[in-house]
Amino acid sequence: MDELLLVGGGIGGLAAALALGQQGSTSQLLEQAEVFMEVGAGIGLGPNALKRLNAWGLGPALQLRGFIPAQLQVRDAANGRSLGQLPMAHHFERRYGAPYMTIHRADLHKVLLDAVAAQGMAQCHLSHEVLHMQADAQGVQLVVRQPGQTQAPWQATAVLGTDGVGSVVRRQVWGGQGLRATRHWAYRSVIPRNLLPAVWREDDIGLWLGPRLHVVHYPVGGGEWLNLVVLLESEDHVEVPGWDHHRSPEQTSADLAMALRGTCSRLQDLVRMVEHWRAWALFDRDPLQSPSDMARGRVALLGDAAHPMLPYLAQGAGMAIEDADSLAMHWQQTGMSVEQRLLAYAQARWRRVARVQARARRNAQLFHATGATAWLRNLGMHMGGSVVMDMPWLYGR
Ligand SMILES: Cc1cc2nc3c(=O)[nH]c(=O)nc-3n(C[C@H](O)[C@H](O)[C@H](O)COP(=O)(O)OP(=O)(O)OC[C@H]3O[C@@H](n4cnc5c(N)ncnc54)[C@H](O)[C@@H]3O)c2cc1C
């Protein structure tokens, strides 16, 4: 049977390995890091992602480390006034067949990794960094840096680039253009919930909207921690995506003070409780235009390698999980060539992902709006209530 070579063992790569295994397909996975690990903080998983994770048998493990928020509570960052609520928990379960879950990225990654190991269908190779690759009609040739810094040739029937926003697979096959430094930054941290005053211990997702800023918080770690993210716009920008861009304590304080100017003291007090922030410079790409943006010949892309997006719809990992599910389904089709199966996957996915990418960009304008636009946004939320915040087209799939 044809075997896929997966490049990258993040949430997308592990989800793909697991989904392929569920369909009876073995795979090889190359990960550049010495150990599997996830940094970062919390993420939200919509019912669209959670339904797939549950179908792969991960429900019980996720329940232990995840958290089911009662509702989304949107507030005006200037004065703390409520702008609207979207009931989640049971409401989502009834409507979409799964609730919305918040979870630490490291916990989600560990649940996926344990499941891949228990399933035994993927062979994982740590400390294997793909340096170059070339594909032709017969297969794909790769050069891989292996432990001890030796470079070795690898051959594969087909390659799936799951290597994230700075994807080497993408650069080698599609070229290096198009990644956009947005000048938006995410400052993230987690705080033990038992240290917080009662007002911050609600079981909600909090979303605070202000000029060129929004703040998101929700419980993770089974409810032990509050995940806090400040998303702001800054003149500073970096060329390379990645965690922990060096932001000195002075730069961090200056960025946060500038962004939070004019916000209410309740929000400022919460931000002041954080001792250590990690900064993430946000990159995205224009929405996909056609299936050939996701698959060419014997090479396909999945997750951030294919469609990095602003996290303003909280769906980057969700889309990677959906990609994985779709890829595994198409990969086991009989009577089709390798190229046809990868193309069928791309055809099934590109429009949906493009819509999510575009909506994430639109949310950037909406969330960070000023003046009349902000006023209209607030009025719309007030008049439309939960109807304008719910997204059946997104969560219902
Ligand atoms: C601030 C912020 C908040 C977010 N919030 C949410 C949210 O609420 N909900 C949501 O669904 N998503 C969210 N996301 C997005 C989500 O985190 C990403 O979309 C998701 O983690 C992408 O997973 P991935 O596996 O595609 O890429 P990555 O997680 O980047 O994994 C790529 C892997 O490939 C490896 N690799 C890279 N290059 C090579 C190479 N040459 N050879 C071998 N291995 C290689 C890397 O080491 C890494 O392990 C958020 C993102 C940010 C920045």
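All values derive from a computational prediction rather than experimental measurement. This chain uses plain numbering: 1 for the first residue, then up along the sequence. Counting starts at 1 for both ligands and their atoms, following the listed order.
Each of the atoms 43 (C), 44 (N) of ligand 1 lies under 4.0 Å from some heavy atom of L30. Near A314, meaning under 4.0 Å from one of its heavy atoms, ligand 1 places the atoms 7 (C), 8 (O), 9 (N), 10 (C), 11 (O). Close approach of ligand 1 to G44 (heavy-atom distance below 4.0 Å) involves ligand atoms 7 (C), 8 (O), 9 (N), 10 (C), 11 (O). Atoms of ligand 1 lying under 4.0 Å from at least one heavy atom of I43, given by number and element, are 5 (N), 6 (C), 7 (C), 8 (O), 9 (N), 13 (C). Listed by atom number, the atoms of ligand 1 under 4.0 Å from A186 heavy atoms are 1 (C). Residue-ligand proximity, G316 to ligand 1, at heavy-atom distances under 4.0 Å covers atoms 10 (C), 11 (O), 12 (N), 15 (C), 19 (O). Against a heavy-atom cut-off of under 4.0 Å, Q315 is close to the following atoms of ligand 1: 9 (N), 10 (C), 11 (O). Here is the list of ligand 1 atoms found below 4.0 Å of a heavy atom in G8: 33 (C), 34 (O), 35 (C), 44 (N).
Checking G13, G12, G303 against atom 25 (O) of ligand 1, the nearest heavy atom belongs to G12. Ranked by closest heavy atom to atom 32 (C) of ligand 1, the top entry among V169, L310, T162 is T162. Counting only non-hydrogen atoms, the option in P311, P308, G164 that gets closest to atom 51 (C) of ligand 1 is P311.
Side-chain polar atoms of Q85 and D204 form no donor-acceptor pair below 3.5 angstrom. Using modelled atom types, one finds a donor on one side chain and an acceptor on the other under 3.5 Å when comparing Q268 with R272. Defined by atom type and a distance below 3.5 Å, a donor-acceptor pair is present between the side-chain atoms of W208 and H217. Side-chain contact annotation: Q73 with S82, donor-acceptor N/O pair under 3.5 Å present.
Under the 4.5 Å side-chain criterion, counting only non-hydrogen atoms from C-beta, T263 is not in contact with V215. The closest side-chain heavy-atom distance from L260 to L232 is not below 4.5 Å. Counting heavy atoms from C-beta on, the side chains of D163 and V130 never come closer than 4.5 Å. Between L394 and M319, some side-chain heavy-atom pair lies under the 4.5 Å cut-off. Side chains of R285 and L179 form a contact here, defined as non-hydrogen atoms less than 4.5 Å apart. Using a 4.5 Å heavy-atom threshold, the side chains of S167 and W174 count as separate. Counting only heavy atoms from C-beta outward, the side chains of L282 and Y312 approach each other to under 4.5 Å.
Where the criterion is an N or O separation shorter than 3.5 Å, residue side chain and backbone included, L282 fails it with respect to ligand 1. At least one N/O-N/O distance between R105 and ligand 1 falls below 3.5 Å. On a distance-only criterion, L231 and ligand 1 share no N/O pair closer than 3.5 Å. Ligand 1 has a nitrogen or oxygen under 3.5 angstrom from a nitrogen or oxygen of V130. An N or O contact shorter than 3.5 Å is missing between V7 and ligand 1 by distance. Backbone and side-chain nitrogen or oxygen atoms of E31 are examined, and one is located within less than 3.5 angstrom of a nitrogen or oxygen of ligand 1. Annotation: V168 places no N or O atom under 3.5 Å from an N or O atom of ligand 1; distance criterion only. Backbone and side-chain nitrogen or oxygen atoms of L302 are examined, and none is located within less than 3.5 angstrom of a nitrogen or oxygen of ligand 1. Polar contact with ligand 1: absent for A305 (N/O pair, distance under 3.5 Å).
When hydrophobic side chains of Ile, Leu, Val, Met, Phe, Trp and Tyr are connected at separations under 4.5 Å, L376 ends up clustered with W375, L379, M383.
For M336, the CE atom is densely surrounded, since the number of other residues' heavy atoms within 6.0 Å is greater than 12.
Within the 4.0 Å heavy-atom cutoff, I11 counts among the residues contacting ligand 1.
Residue-level proximity to ligand 1 for D163 is carried by backbone and side chain together, each with a heavy atom below 4.0 angstrom. With a 4.0 Å heavy-atom cut-off, ligand 1 is reached by no atom of A33. Of all the heavy atoms of M319, none lies under 4.0 Å from any atom of ligand 1, so neither backbone nor side chain is involved. Contact annotation for H128 and ligand 1: only backbone heavy atoms (N, CA, C, O) come within less than 4.0 Å of the ligand. Heavy atoms of A320 found under 4.0 angstrom from ligand 1: none, in either backbone or side chain. In L131, neither the side chain nor the backbone holds a heavy atom less than 4.0 Å from any atom of ligand 1.
Of the options R180, R183, R359, a salt bridge (Lys or Arg N to Asp or Glu O under 4.0 Å) to D284 is made by R180 and by none of the others.
Note on V338: it does not cluster hydrophobically with L142, by side-chain heavy-atom contacts below 4.5 Å among ILVMFWY residues.
Legend: side chain to side chain donor-acceptor pair (under 3.5 Å) pairs involving residues 128-140, not counting sequence neighbours, sorted by first then second residue: E129-R145.
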